[in-house]
Structures are given as C-alpha cells and as structure tokens.
Amino acid sequence: MKITDIKVFVCCPGRNFVTVKISTADGTYGIGDATLNGREMAVVTYLEEHITPCLIGKDAHQIEDIWNYLYKGAYWQNGAVSIAAIAAIDMALWDIKGKLANMPVYQLLGGKSRKGITVYGHANGESIEEVLQNLGTMIKDGYKAVRLQCTIPKTKGTYGTMEGKKNYYELQGNRPLPPEQEWSTSKYMNFIPELFKQAREKFGYDIALCHDVHSRLTPIEAARLCKLLEPYNLLFIEDAVTTENPEGYKVIREHTDTPLATGEKFNAIWDAKEMIQNQWIDYVRTAVTHGGGLTPLKKLADFASLYHVRMAPHGAPDLSPICLMAHMHFNLWAPNFGVQEFIGFGTPELNEVFLYDIALKEGLLYMEDKPGWGVDFNEEAAKKYPYKRSYLPVSRLEDGTLWNW
Ligand code: EZ4
Ligand code: CO
C-alpha cells in the first residue's frame, strides 16, 4: 500500500500540537503526534525537509523497515527533535495498519492484557489545604492514584503550580518567552514530607500517591527525600535526579525502598538500558511520542519486563490526544503496564480538533474498539487555532544559578 501524501499540521487549541497525517493509495490515512513542547517548529522542519520527501511511494505496511530507514538511515540517529518526528510517522503507520486490518492496534500487538487502564491524575495547589481539597475531589471521582504537587511556602510557585494560575501547572499559549521560577532545595526538602504526612492523615493509605521531583535534586538529596517519604508509602517518586548519569539512580537505590520512576525524556531503549538492567528503577515513563513511536516502545516494554520494571507512560498536557489514544492501546497490551498519567478530559477547543472517545470508571480508562488508534484530526477546526510561540519555564537557584526545571 503506497504512501501518497504526508502533511504536517501545527495548531494551538489551548496549547501547541504538531500532527502528522499520512495518506495511502487507497485513500486510507493515519495520524501521529509529533509535539515537542517549546520546540515544535524544529520538528515540523525536520519532518517537512528531511522525512516526508523520502517516504512518498514507500509501502506503508513496512513499519519496521521505515523506522530503521529514518533512524539508522539518517546516520544521526538520536535526539528529541528527530525522535519526535520519527514517532509521529511510526504512529501514523500503525494507525493505517490497524485500519487496513480492520482491528484496533492493541489486537495487532497480541490483544488485551487487562480490562481498563489505571490512571493517576494530578492534584496541584498553592497550599497543602488546596492540594488536599483537590485530592479529596479526585478520590470521590474514583481515582485510584493521584500525583501531589504543591507550591513551597514563601515561593512564587514551583514545578506543578504557577502563581495565580490555580491548579494549572504549565501555562502555554499566551506568553512568548520562558518565565523564570526560583528554586530552593532546602525549602523544598523541608516541606514536601509534610504534604504527604497530611495527605495520609486525612485520606489513609488506600489511595496510591506519587510525586514528580522534576530532576531538581542531586542523588544524595533525592535519597534523603525518598527516605523521609518512606512512611507515606508512595507509588513512586518521579525524576528524582537527571538521567544523563544513570548511576545517580544507583545511589538513591542504595538508601531507600521508595519506588523510582523516570524516562519521560528518554529517546531510545538505549537511554533506559543500564537503569533497567541494574534494576535501579521501577517504572519507565517514556511516551510513544517522545520515545520514537510504538515500534521501539513495545521493545522497551518487553525488555523492561525481564527485570520487573513496569511501564508508566508520560501523559502531560503537551502530549496530544493521539498520543493518549496510542497509550490506551499500548497499555491494554503491555503485560508489564503499571499506571498511565492522565490530566483529565480536554477543553472544548482541544476536543473540537481531536476526536476521540474515552470514559473513566472507578479510576480506569476505557475506550470503544475502533480500527487503528480510534482518534481523528479535524483539519478545518485546527485552522482556527494557529501556532503561538510558547515555552516551559526555567528555574534558577536563589543566587541566580540556572537549575533543572
Ligand atoms: O514537564 O510534559 O510528568 N510530567 C512532567 C511534565 C513535563 C512536560 C514537559 O513538556 O514532567 O509536566
Ligand atoms: Co514528569
């Protein structure tokens, strides 16, 4: 089945998304997500200049070969920009294969391993009281797992919260340059255990709780935080330290039994290999969009399963509903699926552009069986929401040193 056309769309229904649409000779099309937060146009150029011209006329069925053609064939294999571009092509091809087979993609992987997808939602706030109020609402709504992030007292917001933007943590779309946030490791370390202490005192131990450090600690600081949090029995601590030096996770592991999650910035299985093989982590956070598509993600899942490591895909608002639906299929299949991050049902603008159908029942996400990914893209609606330059914030220590955000 020959590829006849590939189009790349950028739109901003609330925040920026890059979408790829591949069409084939018989009129079948597939869609994929290529969104790289704050670097969207680099991926668009990579796709339009360097990928789409090479694929016209190729057989859409040869997903494995096309993946290697784009990865190995380019010589410059890796990097967030090229991997997001390859991921979108890979996702669109799996969508086409599912449609041509008249099957949901999870069937092509080997079928369902579970009835629904356990998700964790976000309870954010500018005070412990506000976070706990939001947590209470989510428990009432049936969530089985929740991530807690809270502004540190006497600061103007931190990762997970933004001053004046209640319960919304990564504003995009109306500011052209990166905002700056101040970071104090000591204030953070002195405060976070109290958040989880009060959460457990108020809601007990039935609800699974997790927290994203967003790589702001050193390994030994992270080890200390994880130890302080041991009494509150977390599902996991995410991104306790950066991953450039995987042995940082070994240091944490030597000190604590708080489970560890990382990998939302991994580009390839190779980035995760050492941490998985050494059993330094418990959950891999790689998303289909940022990990190069379904083709490498299914290999990553199988490899991780050999070491008791589970998949917990990244599901922040910068991953489009196409990625969310790809995760539905991936997670339904992956025998070693753990939990899916889920930020809730989209805004009316988002759901005008992306058409998909999911339902949350007792903390599990469900979807209807449809061929392919079961998500569509409304090109006309997307035109109403043009791209707006927008960046994530940056962090600085109190003395002005640039820090990890
Ligand atoms: O900062 O998706 O777990 N979620 C996260 C996210 C990331 C953004 C980056 O684009 O860490 O909030
Ligand atoms: Co994260």
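Remember, it's 1-based here, ligands and their atoms both numbered in the order they're listed.
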Can you list the atoms of ligand 1 that are under 4.0 Å from a heavy atom of [X]?
X	value
Asp212	3 (O), 4 (N), 5 (C), 11 (O)
Arg147	3 (O), 4 (N)
Glu341	3 (O), 4 (N)
Ala316	2 (O), 6 (C), 12 (O)
Leu392	9 (C), 10 (O)

Are the side chain of [X] and the backbone N or O of [Y] linked by a donor-acceptor pair below 3.5 Å?
X	Y	value
Asn336	Asp302	no
Thr35	Val18	yes
Glu230	Asp257	yes

For this session: Can you tell me which residue pairs pass the side chain to side chain donor-acceptor pair (under 3.5 Å) test with a partner in residues 246-255, sequence neighbours excluded?
Result: Tyr249-Thr262, Arg253-Asp282
For this session: Mark yes or no: Lys361 above the aromatic ring of Tyr366, with NZ or CZ under 6.0 Å from the six-membered ring centre and no more than 45 degrees from the axis.
Result: yes
Exercise. Between Lys99 and Tyr29, is NZ or CZ placed under 6.0 angstrom from the six-membered ring centre and within 45° of the ring axis?
Worked result: yes
Can you tell which part of [X] has a heavy atom less than 4.0 Å from ligand 1: side chain, backbone, both or neither?
X	answer
Trp405	side chain
His122	neither
Asp239	neither

Problem set entry | Distance-minimising heavy-atom pair for Leu235 and Cys210 | CB-CB, 4.4 Å
For this session: At a cut-off of 2.8 Å, list the protein N/O/S atoms near the Co ion (ligand 2), residue plus atom name.
Result: Asp212 OD2, Glu238 OE2, Glu264 OE1
Seminar exercise, completed: Which of Asp212, Ile192, Ile252, Val213 passes side-chain contact (heavy atoms from CB on, under 4.5 Å) with Ile237? It is Val213
Exercise. Is there any N or O on Tyr159 that sits under 3.5 Å from an N or O of ligand 1?
Worked result: yes
Exercise. Below 4.0 angstrom, N of the basic side chain to O of the carboxylate: do Lys7 and Glu379 qualify?
Worked result: no
For this session: Using a strict cut-off of less than 4.0 Å between a Lys/Arg side-chain nitrogen and an Asp/Glu carboxylate oxygen, indicate whether Arg15 and Glu40 qualify as a salt bridge.
Result: no
